[in-house]
Amino acid sequence: MKRKIKSMLSVVTALCFIISCTACQTVDSGADIAEDSVENININESAIDDSVIDEEIVLDEAPLNITKDQLYYRCMNSMEFLGHVSGDVKVRYGGKDRNVYQGTVNLDFVNGKYFTDASTFDIDNLENCIYNVVTYNNSNICHSIIDNIIDGSKRHETMKEGLCPTLETTKFANACPINPDDKSSIEATKAKGEAVITSIDQLSEEQINATYGGDPTGDHVLGAFYIPQEMSMGYLKNFDMWDIADYKDFQGRSCAVVQGKAEPEYGSRFNVETFEILVDQATGVWMQFEGYDADGNVMQYVYSENVCFDDDTLDVPTYKEEYAEGYEELDMNAVNQANIDETIRKMNAEAKKE
């Protein structure tokens with residue numbers, strides 16, 4: 001199957017943590033969800049130029065018995081392998097962060113749309129939500145409906161082009177290593193006159209970190225599920241500290257079972273000494289993660305349910321004006337410009353003093 005995809009890199013701003021209420025056959029409050037599905041994105045396994053491209057990308061079969069090199073690259077660059085994903089997610093980072101974040105996400109990387117609904121709970125009171133953000137984003141305008149239960153504020157924030165995060169930051173410039181035991185892929189790569197890459201050591205840091213820090217939704221909390229870059233860097237960068245212990249089916253996905261010991265410098269931040277991850281082999285998405293202390297207690301986790309990919313997902317719901325009735329309206333583009341103007345005013349005032 002082929003699809004033309006235009007990919008580009010752009011600067012994106014961080015949004016509030018977010019996660020949606022649409023997973024497979026789940027419907028969010030008030031959102032109309034169509035039954036049409038989104039076609040799979042097809043990725044060529046060979047390395048290609050990092051520049052902006054506009055070409056047909058061909059789907060290779062999902063990798064079986066993924067190598068460490070492939071797994072790490074996919075975890076660091078999951079956006080390159082995602083077409084459309086949705087699911088219910090629950091995350092606890094641990095350490096000084098005493099919050100639990102949960103909700104559902106529906107991200108359409110093909111059409112540049114997403115809908116998320118995230119709730120925050122204090123670890124000591126998991127019955128009461130203390131913060132909730134519902135976000136509708138169609139790449140042209142972003143609507144965030146925010147309920148701050150702590151101070152009672154209710155805001156409807158809008159962002160337009162220039163400030164609105166967009167999923168078009170996805171970059172289909174795939175340099176993922178080939179499994180050295182996959183002779184057919186190696187021969188096919190040679191036949192095309194391309195370099196055969198079987199190890200991370202053959203890639204530059206720029207290629208390995210092609211999309212690092214590029215979560216286009218700005219969700220640096222529940223993004224641990226679908227763009228697990230930060231924890232991948234922390235737990236998986238040192239290949240001597242972990243192994244692929246097994247391969248198993250989880251929620252209908254072929255996953256690698258990764259087990260290892262945490263680097264003390266990183267793991268001590270969360271009181272984690274050992275860990276286990278179920279990594280979706282095709283995308284690098286962390287379907288499940290548990291970090292354990294010395295006594296085997298779970299101190300950090302990423303749990304997912306009802307996860308769907310590509311043809312199994314439903315369309316991303318769209319924003320309707322009635323969703324924001326009773327909320328304070330806040331134009332973030334205007335706020336941003338006002339902040340810029342104030343900064344310039346202060347700089348000019350300081351310059352005059354000199």
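- Put simply, SG on C176 and CD on Q70 are 5.0 Å apart, with the number rounded to the nearest 0.5 Å.
- With a 4.5 Å cut-off on side-chain heavy atoms, W242 and L71 count as touching.
- No donor-acceptor pair closer than 3.5 Å links the side chain of N99 to the backbone N or O of T120.
- A salt bridge (Lys or Arg N to Asp or Glu O under 4.0 Å) check over residues 89-106, counting only residues at least two apart or in different chains, returns the pairs R98-D124.
- Between the side chain of D69 and the backbone N or O of P177, no donor-acceptor pair lies under 3.5 Å.
- Under a hydrophobic clustering in which Ile, Leu, Val, Met, Phe, Trp and Tyr are joined whenever their side-chain heavy atoms come within less than 4.5 Å, directly or via other members, L330 and M159 fall into the same cluster.
- Counting only N and O atoms by type, the side chains of Y301 and Q288 include no donor and acceptor under 3.5 Å apart.
- Take N297 and apply the side chain to side chain donor-acceptor pair (under 3.5 Å) test, not counting sequence neighbours, and it matches D293.
- Closest heavy-atom contact between Y72 and I200: CD2-CD1, 4.3 Å.
- Counted by atom type alone, Y235 and Q300 present one or more donor-acceptor pairs between their side chains at under 3.5 Å.
- Crowding of E329 atom CD: a count of heavy atoms from other residues, nucleotides or ligands under 6.0 Å exceeding 12.
- Without hydrogens or angle criteria, N138 side chain to N140 main chain gives a donor-acceptor distance under 3.5 Å.
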Could you go through L82 and L107, starting from their C-alpha distance and side-chain angles, then the distance that decides it, and tell me whether this counts as side chain to side chain contact (heavy atoms under 4.5 Å, CB included)?
CA-CA 9 Å; L82 286 174; L107 304 165; 5.8 Å; no
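- Between V105 and V89, some side-chain heavy-atom pair lies under the 4.5 Å cut-off.
- Judged by distance alone, the side chain of Y73 and the main-chain N or O of A175 form a donor-acceptor pair under 3.5 Å.
- If you take CD on E321 and NE2 on H156, they are separated by 9.0 Å, rounding to the nearest 0.5 Å.
- Judged purely by distance below 3.5 Å, without hydrogens or angles, the side chains of T135 and N137 never pair a donor atom with an acceptor atom.
- Using modelled atom types, one side-chain atom of Q281 and one backbone atom of I66 make a donor-acceptor pair closer than 3.5 Å.
- Pairing each heavy atom of F250 with each of C255, the nearest pair is CB-SG, 3.9 Å.
- The hydrophobic side chain of I141 is isolated, with no ILVMFWY side chain under 4.5 Å apart from it.
- The ring-ring contact (aromatic ring centres under 6.0 Å, His included) search around Y212 returns none, not counting sequence neighbours.
- Residues W286 and S232 are in side-chain contact: their nearest non-hydrogen atoms beyond the backbone lie under 4.5 Å apart.
- Here the CG-CD distance, from N77 to Q207, works out to 10.0 Å after rounding to the nearest 0.5 Å.
- Residues that satisfy the side chain to side chain donor-acceptor pair (under 3.5 Å) test with Q259, not counting sequence neighbours, are E276.
- Annotation: side chain to side chain donor-acceptor pair (under 3.5 Å) contacts of Q229 (sequence neighbours excluded): T211.
- Looking only at side-chain heavy atoms (C-beta outward), P180 and T67 come within less than 4.5 Å of each other.
- Side-chain atoms of E80 do not come within 3.5 Å of backbone N or O of R74 as any donor-acceptor pair.
- Nearest heavy atoms, V279 versus C75: CG1-SG, 3.8 Å.
- Defined by atom type and a distance below 3.5 Å, a donor-acceptor pair is missing between the side-chain atoms of Q102 and Y303.
- Separation of atoms CE (M76) and CD1 (I227) is listed at 11.5 Å; rounding is to 0.5 Å.
- A pairwise comparison of heavy atoms in N106 and D315 identifies ND2-O, 3.6 Å as the closest pair.
- N271 approaches M299 most closely through the heavy-atom pair O-CG, 3.5 Å.
- Judged purely by atom type and a 3.5 angstrom limit, T283 has no side-chain atom pairing as donor or acceptor with the backbone of F81.
- At most 12 non-hydrogen atoms from other residues, nucleotides or ligands lie less than 6.0 angstrom from NZ of K190.
- Taking the side chain to side chain donor-acceptor pair (under 3.5 Å) definition, one finds that E328 meets it with nothing, sequence neighbours left out.
- Atoms CD and CD1, on Q202 and I197 in that order, are 6.5 Å from each other to the nearest 0.5 Å.
- Grouping the Ile, Leu, Val, Met, Phe, Trp and Tyr side chains by contacts below 4.5 angstrom, directly or via other members, places V134 apart from V100.
- Residues V91 and V298 do not share a hydrophobic cluster, clusters being chains of Ile/Leu/Val/Met/Phe/Trp/Tyr side chains in contact below 4.5 Å.
- With sequence neighbours excluded, no residue forms a ring-ring contact (aromatic ring centres under 6.0 Å, His included) with F121.
- Across all their heavy atoms, A262 and V272 have their closest contact at CB-O, 3.5 Å.
- Grouped with M241 in a hydrophobic cluster is no other residue, since no side-chain heavy-atom contact under 4.5 Å to another Ile, Leu, Val, Met, Phe, Trp or Tyr is found.
- For the atom pair CG of D88 and CG of N306, the computed distance is 4.5 Å after rounding to the nearest 0.5 Å.
- In this structure the side chain of Y319 reaches within 4.5 angstrom of the side chain of I145, judged on heavy atoms.
- Between Y292 and E290, the side chains place a donor N or O and an acceptor N or O closer than 3.5 Å (distance only, hydrogens not considered).
- The hydrophobic cluster containing I149 does not contain Y101, counting ILVMFWY residues as joined when their side-chain heavy atoms lie under 4.5 angstrom apart, directly or transitively.
- Counting only N and O atoms by type, the side chains of H84 and D312 include no donor and acceptor under 3.5 Å apart.
- The salt bridge (Lys or Arg N to Asp or Glu O under 4.0 Å) contacts involving residues 239-263 comprise K68-D243, R253-D280, where partners must be two or more places apart or lie in separate chains.
- For Y327, there are no ring-ring contact (aromatic ring centres under 6.0 Å, His included) partners two or more places apart in sequence or in a different chain.
- Tracing side-chain contacts under 4.5 Å through hydrophobic residues (I, L, V, M, F, W, Y), one reaches I244 starting from I277; they form part of the same cluster.
- Applying the ring-ring contact (aromatic ring centres under 6.0 Å, His included) test to F225 and every residue at least two apart in sequence or in another chain returns nothing.
- In this structure, F275 and F289 have tilted ring planes: the angle between them lies in the 30° to 60° band.
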